[in-house]
> 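Sharing a structure, written as structure tokens. Questions coming.
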Protein chains: 2
Amino acid sequence: MNSRNTKAKSVILQLLKEAKQALSHDALQAALAGSADRATIYRVLNRFCTEGIIHRTVGDDGKQYFALCVDCQEKHHQHNHFHFRCFTCGKVECLPNQIEVNLPKGYRTENFTGFISGYCAACA
Amino acid sequence: MNSRNTKAKSVILQLLKEAKQALSHDALQAALAGSADRATIYRVLNRFCTEGIIHRTVGDDGKQYFALCVDCQEKHHQHNHFHFRCFTCGKVECLPNQIEVNLPKGYRTENFTGFISGYCAACA
DNA sequence: CTTATTATTGCAACTTAGTCGCAATAATAT
DNA sequence: ATATTATTGCGACTAAGTTGCAATAATAAG
Ligand SMILES: [Mn+2]
Ligand SMILES: [Mn+2]
Ligand SMILES: [Zn+2]
Ligand SMILES: [Zn+2]
């Protein structure tokens, strides 16, 4: 008996699908309008992350943002892309380009976070 | 009557100079060993940032890290570099290479954050 | 040196983001 | 229909960072 289908899970996943951008916990909570508990939302998001169907990035505002995995295969995840947050409209989007970073000899990457904030084309 | 020389400011600056890496608030607080208040440390760091003598980066642990500006001119700051945090020894270092990110047409960068965590050569 | 001005500090209260224990609920397997 | 246990809701908790306010002390002025 592994994963179960629940209201909270399907609604949160649906919201992430529709959004086509990264969402923060509080954005989801607002969209859920009381239909799921605060802690539940956190737990569902964390579960989705470990299951590999969404990925997490930490913004320069110190908040976590979650987005669907798009170019990821079941086994091989590719998350070395930047995220852009617009100060004005607040949206956080995954930028398409994968980034290469030269690490010093012997260093091993476990987690990549790229985050740029500023003004999007519509708001600039 | 602009900026004043205080104990807290000079000690914190000294610690950042000696460290040769990025330090978190709590690392500084521990090093200060009670010689400066929690809030004071935060305020000094924020002041240093706006004065442009240090720069701030937000880690994938959600914490802020502060490091001296090295390649920065008075007017032109260059902070488009990644930072590396080692899970084992905990150090956070500024990586030398400046990074270019292709933004969509019309986007304006205000803030760049690059953060990689994993294991450094000594700890891997 | 003495006094006045005000940048800076210490302290406590507060906010926000996220986690966790535990009992109740409900999805699934039998 | 029943048993199992993943998931939820609630509340308490932690950690990071900010802010108001009165006290302190660095510097400028006399
Ligand atoms: Mn992915
Ligand atoms: Mn700098
Ligand atoms: Zn925008
Ligand atoms: Zn290390």
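The sequence lines fix the lettering, A, B, ..., with proteins before strands; numbering per chain opens at 1. Quick caveat, the model's predicted, so the values are computed rather than measured.
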> Let me spell it out: for each of B:Asn5 and B:Gln64, pick the nucleotide of DNA chain D with the closest heavy atom. Which residue's pick is nearer the 5' end?
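Nearest-nucleotide comparison on DNA chain D picks B:Gln64.
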> Whole angstroms only, please: what is the CZ-C1' distance between B:Arg4 and C:dA4?
11 Å
> Out of curiosity, does B:Leu28 fall in the hydrophobic cluster containing B:Tyr65 (side-chain heavy atoms, cut-off under 4.5 Å, transitive links)?
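They do not share one cluster, since no chain of ILVMFWY contacts under 4.5 Å joins B:Tyr65 to B:Leu28.
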> Output the rounded distance in Å from OH (B:Tyr42) to C1' (C:dG10).
16 Å
> Is there a path of hydrophobic side-chain contacts, each under 4.5 Å between heavy atoms of I, L, V, M, F, W or Y residues, that connects A:Leu32 with A:Phe66?
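Linked, A:Leu32 and A:Phe66 end up in one cluster.
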> Quick one: is D:dT18 close enough that its OP1 or OP2 comes under 4.0 Å of any side-chain N or O from B:Asn46?
yes
> Identify, between A:Ala39 and B:Ala8, the residue whose nearest nucleotide on DNA chain C lies closer to the 5' end.
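Result: B:Ala8.
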> What do you reckon, is CD of A:Glu100 surrounded by more than 12 foreign heavy atoms closer than 6.0 Å?
no
> Would you kindly give the CZ-to-C1' distance between A:Phe66 and C:dA17, to the nearest whole Å?
11 Å
> With nearest nucleotides of DNA chain C determined for B:Arg38 and B:Lys9 from heavy-atom distances, which residue corresponds to the more 5′ nucleotide?
B:Lys9
> What is the distance, rounded to the nearest whole Å, between atom NZ of B:Lys63 and atom P of D:dT14?
17 Å
> If I take atom CD1 in residue A:Ile41 and atom P in nucleotide C:dT19, what distance separates them, rounded to the nearest angstrom?
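Those two atoms, CD1 and P, are 13 Å apart.
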> Calculate the interatomic distance between A:Leu32 atom CG and D:dG9 atom P; express it in whole Å.
10 Å
> Is the centre of the A:Phe112 ring less than 6.0 Å from the centre of the B:Phe82 ring?
yes
> Just how far, in rounded Å, is C1' of D:dA22 from CG of B:Asp37?
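The answer, rounded to whole Å, is 14 Å.
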> Rounded to the nearest Å, what distance is computed from the CD1 atom of residue A:Ile12 to the P atom of nucleotide D:dT7?
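About 12 Å, once rounded to whole Å.
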> Does D:dA26 have OP1 or OP2 under 4.0 Å away from a side-chain N or O of B:Thr6?
no
> What is the nucleic acid contact for B:Arg47, judged by heavy atoms within less than 4.0 Å: base, sugar-phosphate only, or nothing?
sugar-phosphate
> Does D:dT7 have its OP1 or OP2 closer than 4.0 Å to a side-chain nitrogen or oxygen of A:Ser3?
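So the side chain of A:Ser3 is within the cut-off, an N or O lying under 4.0 Å from OP1 or OP2 of D:dT7.
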> If I take atom CG from residue B:Asn2 and atom CD from residue B:Glu51, how far apart are they, to the nearest 0.5 angstrom?
9.0 Å
> Would you state whether a donor and an acceptor, one from the side chain of B:Arg43 and one from the base of D:dG20, lie under 3.5 Å apart?
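Answer yes: a donor N or O sits under 3.5 Å from an acceptor.
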